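Presented below is the structure to which this report refers.
We number each residue from 1, following the sequence as shown. The model shown is predicted, which means the values in this text are computed figures rather than measured ones.
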Amino acid sequence: MHTEQAPATEERQRDAERSQSTILAAARDEFAEHGLGGARMDRIAERAGLNKRLIYYYFADKERLFQAVLEQAYRDIRDRERALKLQDLSPTEAVRRLVEFTWQYYLECPEFLTLLNSANLHRARHLHQSAEVREMNSPLVDMLGEILERGRKDGSFRGGIDPVQLYVSIAGLAYFYLSNNHTLSAIFGRDLMAPKARNERLSHMCDVILGYVLRD
């Protein structure tokens with residue numbers, strides 16, 4: 001009897017995981033489009049093709065669902081960063097690759113930027129409540145710190161670089177440009193999202209970051 005119940009239990013677990021994954025994807029799109037304040041649970045249920053009661057069963061309310069979406073968003077980008085295997089590259093190539101990845105990820109996943117905008121609008125209270133997000137970010141800081149220390153030891157990087165400040169600078173150079181591209185394009189009279197402009201921006205970002213970390 002026990003062996004017969006085990007497959008059924010595993011299948012229910014897989015169904016639950018699939019349902020939660022579907023809900024999170026639908027909620028991500030809803031929050032990215034309408035923000036936390038404008039998002040509606042009815043629309044999330046419709047996007048997911050699931051009963052709204054099931055969303056409340058798994059996530060309790062819209063606030064906790066938004067927190068879960070933010071956690072998943074950070075989980076996704078941290079997973080992709082780990083897959084780069086930066087620790088296997090030279091310090092210079094590792095920093096360059098992180099800059100290139102961050103730029104490309106923001107281009108491919110614009111919903112990540114809009115979710116961050118919404119989270120900041122609410123003073124990041126959902127992230128403050130999430131120990132998981134802090135735990136996910138710690139390995140990134142440690143890894144970047146190790147890369148900087150390798151570079152210092154081999155003489156390619158100057159010392160005294162804070163890995164958190166460096167990562168904020170990398171993210172900020174990409175984030176500001178992309179999140180403000182409409183206004184910047186309008187006031188400067190240039191299409192900053194044209195292929196040539198995007199390539200120039202990435203080259204500029206690499207030059208700025210490497211110019212900062214490399215020893216003179």
Side-chain angles (χ1 to χ4, degrees), residues 67 70-181 183-184 188 192-193 195-216:
Q67 178 176 323
L70 290 175
E71 290 171 344
Q72 184 61 52
Y74 275 101
R75 194 177 301 118
D76 289 343
I77 190 171
R78 297 297 170 252
D79 286 346
R80 293 275 297 276
E81 286 166 343
R82 279 196 299 274
L84 298 173
K85 298 188 182 301
L86 298 178
Q87 67 275 11
D88 296 337
L89 303 176
S90 72
T92 300
E93 281 307 304
V95 171
R96 181 186 297 276
R97 184 72 189 94
L98 182 58
V99 173
E100 292 171 344
F101 164 79
T102 303
W103 172 253
Q104 193 61 37
Y105 188 87
Y106 288 1
L107 281 173
E108 293 174 359
C109 305
E111 69 277 2
F112 182 69
L113 303 186
T114 52
L115 287 172
L116 293 188
N117 289 340
S118 189
N120 276 294
L121 185 63
H122 296 274
R123 298 182 179 274
R125 70 172 186 269
H126 304 87
L127 296 178
H128 284 303
Q129 296 166 2
S130 175
E132 183 179 354
V133 167
R134 290 190 294 276
E135 291 170 1
M136 282 188 282
N137 286 330
S138 293
L140 170 69
V141 174
D142 291 342
M143 178 181 66
L144 190 51
E146 290 169 2
I147 292 168
L148 292 171
E149 180 61 14
R150 280 199 291 122
R152 186 192 68 79
K153 286 182 176 179
D154 72 16
S156 57
F157 289 174
R158 65 186 186 83
I161 300 173
D162 183 340
V164 172
Q165 290 285 6
L166 182 62
Y167 186 79
V168 170
S169 293
I170 292 171
L173 285 170
Y175 175 87
F176 183 85
Y177 185 97
L178 294 174
S179 64
N180 295 276
N181 79 84
T183 53
L184 293 172
F188 292 119
L192 295 183
M193 292 305 289
K196 182 175 183 292
R198 293 203 305 266
N199 290 336
E200 289 173 346
R201 181 60 183 177
L202 177 56
S203 178
H204 175 80
M205 288 169 54
C206 290
D207 288 346
V208 168
I209 295 299
L210 288 174
Y212 172 71
V213 300
L214 289 172
R215 184 184 294 275
D216 293 335

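- Without hydrogens or angle criteria, Arg134 side chain to His128 main chain gives a donor-acceptor distance under 3.5 Å.
- Sorted by first and then second residue, the side-chain hydrogen bond (donor to acceptor under 3.5 Å, both in side chains) pairs with a member in residues 155-165 read Asp154-Ser156, Arg158-Tyr212; sequence neighbours excluded.
- Interatomic distance, Phe176 CZ to Leu113 CG, rounded to the nearest 0.5 Å: 13.0 Å.
- Of all non-hydrogen atoms in Met193 and Arg198, the two that sit nearest each other are O-NH1, 2.6 Å.
- Nearest heavy-atom pair, Val141 versus Pro163, reported as atom, atom and distance to 0.1 Å: O-CB, 3.9 Å.
- How far OG of Ser130 is from CD of Glu135: 8.0 Å, rounded to the nearest 0.5 Å.
- Under the rule for a salt bridge (Lys or Arg N to Asp or Glu O under 4.0 Å), the partners of Arg75 that lie at least two apart in sequence or sit in another chain are Glu132.
- No donor-acceptor distance shorter than 3.5 angstrom exists from the side chain of Ser203 to the backbone of Asn199, with no hydrogens or angles considered.
- Taking CG of Leu202 as the start and CZ of Arg96 as the end, the distance is 9.0 Å to the nearest 0.5 Å.
- Using modelled atom types, one side-chain atom of Thr183 and one backbone atom of Asn180 make a donor-acceptor pair closer than 3.5 Å.
- Considering every non-hydrogen atom in both Ala171 and Thr102, the closest pair reads CA-CG2, 4.2 Å.
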Audit row: Leu98, Tyr167, side-chain contact (heavy atoms from CB on, under 4.5 Å) steps and yes/no: CA-CA 9 Å; Leu98 182 58; Tyr167 186 79; 4.2 Å; yes
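- Not one N or O on the side chain of Tyr105 forms a donor-acceptor pair closer than 3.5 Å with the backbone of Glu100.
- For the pair Leu86 and Arg150, the tightest heavy-atom approach, listed with the atom from each and the gap, is O-NH2, 3.8 Å.
- With rounding to the nearest 0.5 Å, the separation of CG in Leu84 from CG in Leu89 is 8.5 Å.
- The line from CD of Glu200 to CG of Leu192 is 9.5 Å long, rounded to the nearest 0.5 Å.
- The shortest non-hydrogen separation linking Val95 to Ile147 is CG2-CG2, 4.3 Å.
- A donor-acceptor contact closer than 3.5 angstrom links the side chains of Gln67 and Glu71.
- At a threshold of 4.5 Å between non-hydrogen side-chain atoms, the residues Met205 and Val208 do not count as touching.
- One N or O on the side chain of Asn181 and one on the backbone of Leu178 form a donor-acceptor pair closer than 3.5 Å.
- Evaluation of the ring pair (Phe, Tyr, Trp, His ring centres under 6.0 Å) test over residues 135-158, restricted to residues two or more places apart or in two chains, returns none.
- Within the model, atoms CD of Glu111 and OH of Tyr106 stand 12.5 Å from one another, a figure rounded to the nearest 0.5 Å.
- You'll find the side chain of Val133 stays beyond 4.5 Å of the side chain of Leu70, heavy atoms only.
- The two residues Tyr74 and Leu116 come nearest to each other via the heavy atoms OH-CD2, 3.2 Å.
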Arg97 and Lys85: CA distance, side-chain angles, deciding distance, side-chain contact (heavy atoms from CB on, under 4.5 Å) verdict: CA-CA 10 Å; Arg97 184 72 189 94; Lys85 298 188 182 301; over 6 Å; no
